[in-house]
Amino acid sequence: MYFHPEEIRDHVSELDLAYLSNKNVGGRSSRDGFIFEMRAAAYELLRICSALVKGDKAPFGGEVSAQVLSFVDDFAISEDGRIRWFEMKSGKDVEWLTGKRPVGRNFAKQIALDDRLGKEAVYTLVVSTAQYQRVLDERPETLSRVVVSPFPTTITIAALEQVRPSILEEAAVLFGGDWKDALADRGFESFLVFDDKRTKAFNAFRSFTAVFNAMESARCYRFAWVMASADGVVARIARWTDEEITGEALEILHALQGVEFFVDKGRVRAIVEERVPVDLHVVLGDITGDIFVREVVKKPPQCFDDVWNLARGILDDVSNANGL
């Protein structure tokens, strides 16, 4: 991967060098485009960590980067002497050789640059599922080396499974074996609160966006860093916590009629009129739990419906803030 103009100055024109420098600085401008890029990259990071846990990859055997000094610059994986370049485009205006920003020209220049430098590389254009077939059909023969890959713009586990069928098994690897033991050794109670692989996979995918967000532009991160960052992600996903509701918030909730609140492994639940427990999907020690406790004290609920609506609103706000 290339990070400094001096690395490629002798292999590109001054005009292209200026273009790359400006392209790299411009970086992540479109919110929708960045969310799409973040999601597609999150899956790649999840896949890397799954392979690390299984022993298929070595912690120091590769590196990842975002927004590098390259014609194809959204995301890159370098491993075993080979670079995988990714360009992520979510819009309807993806064109190979026409339009304001034809992706084909950048891929052609990247292929030519890598060839001049003797770099082995794989090229991937990630587009929305809706645009996939059109973009694939319109791919020029001269750019047959570019793999066109679909990715959903609306995220559900079913949509992810359609384009990344192995995501369930890849995510399941992250919740067993050495990681579980390591987390227990650090003081986390070893409780998993998910009912099935699909729930694990979806939450793993959502949380891996945080790892991508932690990556700075034009920096190289070893797989070991991804693994260390993902270790914390797994702790958050699994919700190992023994925190309880205390103080004024506890008194307010206990005063409500017809409902009993309790905490199970950090998750706030309620029994309404002696029926089956209801999960509020609020986790103490998480941002959702912090907001929940604060808002209960700030504006005390008068009935269970008030509590339920508060919890729903928190989840919606947190999801929207993370682009999910």
Side-chain angles (χ1 to χ4, degrees), residues 1-13 15-24 26-28 33 36-38 40-52 56-89 94-97 101-127 132 135-136 138-151 163-164 212 215-226:
M1 289 175 275
Y2 318 122
F3 300 97
H4 194 276
E6 295 305 321
E7 296 178 72
I8 58 175
R9 184 179 297 279
D10 295 337
H11 303 278
V12 298
S13 67
L15 187 63
D16 278 344
L17 193 61
Y19 166 75
L20 289 177
S21 299
N22 291 331
K23 185 175 189 285
N24 184 249
R28 301 161 176 173
F36 184 79
E37 176 184 333
M38 173 180 66
Y43 170 75
E44 296 299 328
L45 294 174
L46 184 156
R47 185 186 61 80
I48 288 171
C49 286
S50 179
L52 288 171
D56 295 339
K57 294 184 184 293
F60 294 95
E63 302 167 331
V64 296
S65 297
Q67 297 295 319
V68 295
L69 189 73
S70 304
F71 293 99
V72 179
D73 68 345
D74 283 342
F75 187 67
I77 303 172
S78 177
E79 182 180 13
D80 297 329
R82 183 176 67 173
I83 303 175
R84 294 182 63 205
W85 298 108
F86 292 84
E87 192 76 17
M88 288 91 162
K89 298 293 183 185
V94 179
E95 299 291 345
W96 288 100
L97 301 174
R101 298 182 180 86
V103 296
R105 294 180 186 178
N106 280 331
F107 275 107
K109 286 179 176 290
Q110 188 66 55
I111 291 170
L113 175 60
D114 290 337
D115 287 347
R116 286 195 293 270
L117 292 170
K119 299 285 187 180
E120 182 183 350
V122 176
Y123 309 91
T124 302
L125 172 61
V126 183
V127 298
Y132 166 69
V135 174
L136 179 62
E138 294 177 358
R139 181 183 58 188
E141 284 294 327
T142 55
L143 293 172
S144 60
R145 291 171 63 182
V146 180
V147 176
V148 182
S149 177
F151 203 80
V163 297
R164 304 292 186 268
F212 180 74
M215 295 173 58
E216 297 180 12
S217 296
R219 283 196 58 186
C220 207
Y221 295 90
R222 291 186 182 275
F223 287 171
W225 178 90
V226 179

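Given the structure is predicted, the values throughout are model-derived calculations rather than measurements.
- Counting heavy atoms from C-beta outward, L125 and K89 have side chains that approach closer than 4.5 Å.
- Considering only residues two or more places apart in sequence or on other chains, R139 meets the salt bridge (Lys or Arg N to Asp or Glu O under 4.0 Å) condition with none of them.
- Between atom CD1 of residue I48 and atom CZ of residue F223 there is a gap of 4.5 Å, rounded to the nearest 0.5 Å.
- E44 and I77 get closest at one heavy-atom pair: OE1-CD1, 4.1 Å.
- The shortest side-chain heavy-atom distance between Y221 and S65 does not fall under the 4.5 Å cut-off.
- Using a 4.5 Å cut-off on side-chain heavy atoms (C-beta onward), F75 and V64 make contact.
- Checked by atom type and distance alone, the side chain of S78 never pairs as donor or acceptor with a backbone atom of I83 at under 3.5 Å.
- A distance-only check finds a donor-acceptor pair linking the side chain of Q110 to the backbone of V72 [under 3.5 Å].
- Looking at E37 and Q67, their side chains come closer than 4.5 Å, going by heavy atoms from C-beta outward.
- Of all heavy-atom pairs between C220 and E63, the closest is SG-OE1, 3.0 Å.
- From S70, atom OG reaches atom CG of N106 across 10.5 Å, with rounding to the nearest 0.5 Å.
- At least one side-chain heavy atom of F71 sits less than 4.5 Å from a side-chain heavy atom of D16.
- Within 6.0 Å of the CZ atom in R105, the count of heavy atoms belonging to other residues, nucleotides or ligands does not exceed 12.
- Contact annotation: the side chain of E87 approaches that of D73 to within less than 4.5 Å [non-hydrogen atoms, C-beta and beyond].
- W96 pairs by the ring pair (Phe, Tyr, Trp, His ring centres under 6.0 Å) definition with nothing, not counting sequence neighbours.
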Exercise answer: donor-acceptor pairs, residues 140-151 side-chain atoms, under 3.5 Å, sequence neighbours excluded:
unit_1	atom_1	unit_2	atom_2	d
S144	OG	E141	O	3.3
S149	OG	R164	NH1	3.4
S149	OG	R164	NH2	3.0

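- M88 is not listed as a side-chain neighbour of M38, based on a closest heavy-atom distance of 4.5 Å or more.
- Checking side-chain atoms of D114 against main-chain N and O of A121 turns up no donor-acceptor pair under 3.5 Å.
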